[in-house]
Amino acid sequence: MLCKKVLAAGEHLEQEDLLFAQKVQRIKQRILLALMILPPLLLAVAIGLGVYCQRLTQTAASLKAQLSQQALNLESSAARLIETQQQLANLQAQQEIREEQLSPEILAYQSAYPGLYVDAAPSVSPSDNTVYLTFDDGPSGNTSALLDVLDKYNVKATFFVVGAQIKGREDILKEVAARGHTIGMHSESHNYKQIYASVDAFLKDYDTLSQRIQDVTGQKPAIFRFPGGSVNGYNQGLYQELIAEMLRRGYTYYDWNVSAQDATTQSKTVTEIADAVSSGVPNHRYSIVLLHDSSLRETTVKAVNQLIPELLENGYHFESLDNAVSPIIFSYK
Ligand code: ZN
């Protein structure tokens, strides 16, 4: 019995050992399996992680490059913006300076001399073969003789007078108006340097002259002739502004298309003056003839006495200017 029990106990132990051995064997197999699977798995994971990290690094580098480029672009845009703002500020400053330089003068002379305005007339083209005799620089010691010659042929003419010459000859100027001739303005002082010094200087001179003519004759002149013509060596930088201002004030100015050439230092002969006019007139449909009413030009009076009957005989007729006559004006280079 005891022996049976011992045997049974021994069998039981053997079974347990076997089970234990089997268990150990299974664990060993699992460990071996794990040892076989894990390294490649870890390797694969490591490789995967490595590739992923490399891509991340590349993406980061690319993003960094893009960001630096954008930063550079922004910097350049900001620099351009600052440059543009500076240019704009410079332009504004220049504009302000220009306005400051122009405005006061324009405003000053435009609002000055309120009496120096006339009503502009619509201009009418003269009929063919009309001759307008115009006498600059008077009145003079020769004016009375000249008026008598004009009356002799019943011819009306135009006198562009000088204020300084009117002083002491007021009666002569009255006579010019009374005999139906037109009185236009030429200059108060006839001092080129003085009147062409500025627009204001010119207006001041003309304001005085206009007032003087009105005081003597009761008539307000509406036409004028620039001393030296509308474009001359003294008013080159000023003539456009001067013309614009005088036109704005309603005045009409007349240059000429025929010159009697009687203003030379040495007096021309009667024949030379008369010939200059008679040979010039046929070149134009209508003529505005420049002559001078000066104490130095006695020959002019005699030449007028000669040329009027000549031109009348050749079919020309004479008129005096008024501001409705379409002006002859010099063209600008
Ligand atoms: Zn003159």
Side-chain angles (χ1 to χ4, degrees), residues 116 131-147 150 157-170 172-173 176-177 181-199 201-213 216-217 221-236 238-239 242-243 246 251-268 272-273 276-277 280 287-301 303-304 320-321 323 325 327-330:
L116 197 62
V131 177
Y132 297 92
L133 298 179
T134 66
F135 298 94
D136 288 8
D137 301 349
S140 76
N142 285 320
T143 310
S144 297
L146 192 54
L147 291 176
L150 294 170
T158 305
F159 290 79
F160 290 108
V161 298
V162 170
Q165 290 290 111
I166 296 170
K167 288 178 205 167
R169 295 193 182 94
E170 285 83 357
I172 296 175
L173 190 68
V176 173
H181 304 289
T182 300
I183 294 172
M185 293 185 286
H186 193 40
S187 171
E188 172 65 18
S189 67
H190 208 265
N191 182 326
Y192 284 38
K193 274 191 184 170
Q194 194 178 304
I195 62 172
Y196 292 131
S198 68
V199 176
F202 186 90
L203 296 176
K204 190 178 181 188
D205 178 277
Y206 266 53
D207 191 45
T208 308
L209 176 59
S210 174
Q211 197 54 57
R212 189 184 297 284
I213 293 168
V216 174
T217 67
I223 64 171
F224 72 100
R225 170 169 287 152
F226 285 101
S230 58
V231 185
N232 60 65
Y234 290 84
N235 72 357
Q236 281 175 349
L238 199 69
Y239 70 88
L242 261 184
I243 289 169
M246 288 302 283
Y251 291 95
T252 309
Y253 69 96
Y254 294 86
D255 287 317
W256 56 88
N257 56 6
V258 175
S259 170
Q261 292 169 17
D262 62 340
T264 46
T265 328
Q266 210 159 11
S267 276
K268 292 276 177 79
E272 281 172 330
I273 296 168
V277 177
S287 300
I288 296 183
V289 184
L290 170 70
L291 296 123
H292 289 84
D293 172 17
S294 152
S295 301
L296 303 168
R297 317 271 175 227
E298 271 180 49
T299 45
T300 298
V301 182
V304 170
S320 61
L321 289 171
N323 63 350
V325 176
I328 298 289
I329 54 175
F330 294 155

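Both counts, for ligands and for their atoms, begin at 1 and track the order of listing. Owing to the predicted nature of the structure, the values given are computational and were not obtained by experimental measurement. As a basis for the values below, the full set of heavy atoms in this structure was taken, side chains included, without hydrogen atoms, waters or symmetry mates. Residue numbers start at 1 and run along the sequence shown.
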key: Between D255 and S230: side-chain donor-acceptor atoms closer than 3.5 Å   = yes
inquiry  = Students often mix this up, so state it plainly: with edges at 30° and 60°, are the rings of F226 and F202 parallel, tilted or perpendicular?
reply    = tilted
Geometric class of the Y253/F224 ring pair [parallel <30°, tilted 30-60°, perpendicular >60°] =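 Correct class here is tilted.
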request  = Begin with the C-alpha distance, continue with both residues' side-chain angles, and end with the deciding distance and a verdict on side-chain contact (heavy atoms from CB on, under 4.5 Å) for F159 and T143.
outcome  = CA-CA 10 Å; F159 290 79; T143 310; 4.2 Å; yes
query = Sorted by chain and residue number, which protein N/O/S atoms are under 2.8 Å from the Zn ion (ligand 1)?
reply =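 Short answer, with waters excluded from the count: D137 OD1, H186 NE2, H190 NE2.
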key: Euclidean distance, L291 CG relative to I273 CD1, rounded to 0.5 Å   = 8.0 Å
ask   = With ring centroids as reference points, do W256 and Y132 lie under 6.0 angstrom apart?
value =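 Judged by ring-centre distance (under 6.0 Å), W256 and Y132 do not meet the cut-off.
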